[in-house]
Amino acid sequence: MRPQPPLEILDTFSGRSFVPSTDLAEWVNATFIAEGSRLENAAHAHLRHAHIGYLWTNVENTRKGKQVIGQAELGTPQGVMGKWARARAEEQIAGWFGAAPDFIITIDANWWMQASDAQACALIEHELSHCAQDTDDYGAPRFNKQTGMPVFTIRGHDVEAFIGVAARYGAIEPGVRELMDVLSKPPVMTADMIGCACGTCQVKAA
């Protein structure tokens, strides 16, 4: 059984907006990340050495008119912040997780309650796909020279991540459904039309 948000985060009058979840962290590791886990995904193998903190939230979030139901970010405060704001954020994170994790994944608790198991798993794996090991200029995985541990970074949306989730759960995510809808229709522009409009193609044809 997948973990469920606590009642305090589902009660809008509780005064709580974010609640850390060790249950969710343990479930994700035992389901997707750990070697031999039930739904093990080799694409997440690098995360076996990562400390990922999970948060439930009841704060509604939209971006460009679309509901945000999950978010992965680095565990240390990012961006330009004053000393007090950064210290305050670091203290809050330490209070939630004991120490700054490598990543923080935040999940919309209200969405999670009505999601199917497949939708919930797809969301988690989508967010895990953002949690990447950094690479050097040659594409090789980076490691901390002092500790030997992986150097982590946030990876943006890419086709590989969508393909990986779609291969396991089908076209559940809106982005995947939209891509499949587009690819199932004939293209608006044909190769000939593009060639006529492209100066480089016209030079080659001459």
Side-chain angles (χ1 to χ4, degrees), residues 1-6 9 18-57 61 68-78 93-109 111-136 139-176:
M1 294 292 292
R2 59 185 167 111
Q4 297 298 319
I9 201 67
F18 297 91
V19 174
S21 176
T22 55
D23 290 348
L24 190 54
E26 292 170 357
W27 177 77
V28 171
N29 186 66
T31 304
F32 306 103
I33 299 175
E35 188 172 2
S37 54
R38 292 187 291 274
L39 298 178
E40 180 182 358
N41 188 340
H44 308 317
H46 61 285
L47 297 177
R48 293 171 188 162
H49 304 289
H51 175 198
I52 306 177
Y54 292 84
L55 289 172
W56 297 115
T57 185
N61 188 9
V68 176
I69 56 177
Q71 178 174 298
E73 54 194 322
L74 291 173
T76 54
Q78 304 295 306
I93 291 171
W96 280 334
F97 307 114
D102 297 302
F103 299 101
I104 296 175
I105 292 179
T106 306
I107 301 295
D108 184 317
W111 177 89
W112 183 271
M113 289 293 292
Q114 55 81 38
S116 68
D117 287 340
Q119 289 173 321
C121 289
L123 173 63
I124 291 295
E125 291 219 59
H126 179 103
E127 299 309 326
L128 291 177
S129 295
H130 285 300
C131 303
Q133 185 171 357
D134 202 5
T135 57
D136 61 20
R142 286 185 59 206
F143 293 88
N144 187 298
K145 294 180 180 179
Q146 297 174 333
T147 65
M149 297 297 288
V151 175
F152 294 113
T153 188
I154 290 292
R155 180 173 66 175
H157 290 96
D158 56 25
V159 174
E160 287 80 6
F162 277 133
I163 289 174
V165 174
R168 289 166 69 85
Y169 302 101
I172 288 179
E173 292 187 292
V176 176

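The side-chain heavy atoms of C131 and I105, taken from C-beta on, include a pair separated by under 4.5 Å. Put simply, the side chain of P5 does not reach to within 4.5 Å of the side chain of V19, judged on heavy atoms. A heavy-atom distance below 4.5 Å is found between the side chains of L47 and I52. Two residues are said to be in side-chain contact when any heavy atoms from C-beta on lie closer than 4.5 Å; P150 and H46 fail this criterion. In this structure, V68 and D108 have side chains that are not in contact, with every pair of non-hydrogen atoms separated by 4.5 Å or more.
With values rounded to the nearest 0.5 angstrom, L55 atom CG is found 9.5 Å from L24 atom CG. Distance check, rounded to the nearest 0.5 Å: CH2 of W27 to CG of D23 gives 11.5 Å. Note that CG of L128 is 9.5 Å distant from CZ of F103, once rounded to the nearest 0.5 Å. Taken to the nearest 0.5 Å, the CD1 atom of I69 stands 11.0 Å off from the CG atom of N61. Rounding to the nearest 0.5 angstrom, the gap separating the CD1 atom in I107 from the CH2 atom in W56 is 6.5 Å. Going from atom CD1 of I104 over to atom CH2 of W96 covers 6.5 Å, rounded to the nearest 0.5 Å.
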| task | Output, in order, the C-alpha distance, side-chain angles, deciding distance and verdict of side chain to side chain contact (heavy atoms under 4.5 Å, CB included) for W112 and Q119. | result | CA-CA 9 Å; W112 183 271; Q119 289 173 321; over 6 Å; no
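Put simply, the side chain of D102 gets close to the backbone of H51: a donor and an acceptor are under 3.5 Å apart. Using modelled atom types, one side-chain atom of E127 and one backbone atom of A72 make a donor-acceptor pair closer than 3.5 Å. For the pair Q114 (side chain) and W111 (backbone), a donor-acceptor distance under 3.5 Å is present. The backbone N or O of S129 sits less than 3.5 Å from a side-chain atom of R155, completing a donor-acceptor pair.
When every heavy atom of A34 is checked against every heavy atom of R48, the shortest pair comes out as C-NE, 4.0 Å. Of all heavy-atom pairs spanning T31 and S37, the tightest one is O-OG, 3.4 Å. Taking every heavy atom of both residues into account, F97 and P20 meet most closely at CE2-CB, 4.0 Å. Listed here is the closest heavy atom pair of T76 and Q78: O-NE2, 2.6 Å. Closest of all the heavy-atom pairs between F143 and G148 is CD2-O, 3.4 Å. Scanning all heavy atoms of the two residues, the minimum distance from L74 to F152 falls at CD2-O, 4.3 Å.
Heavy-atom neighbours of R2 CZ from other residues, nucleotides or ligands within 6.0 Å: above the threshold of 12. Within 6.0 Å of the CD atom in E35, the count of heavy atoms belonging to other residues, nucleotides or ligands does not exceed 12.
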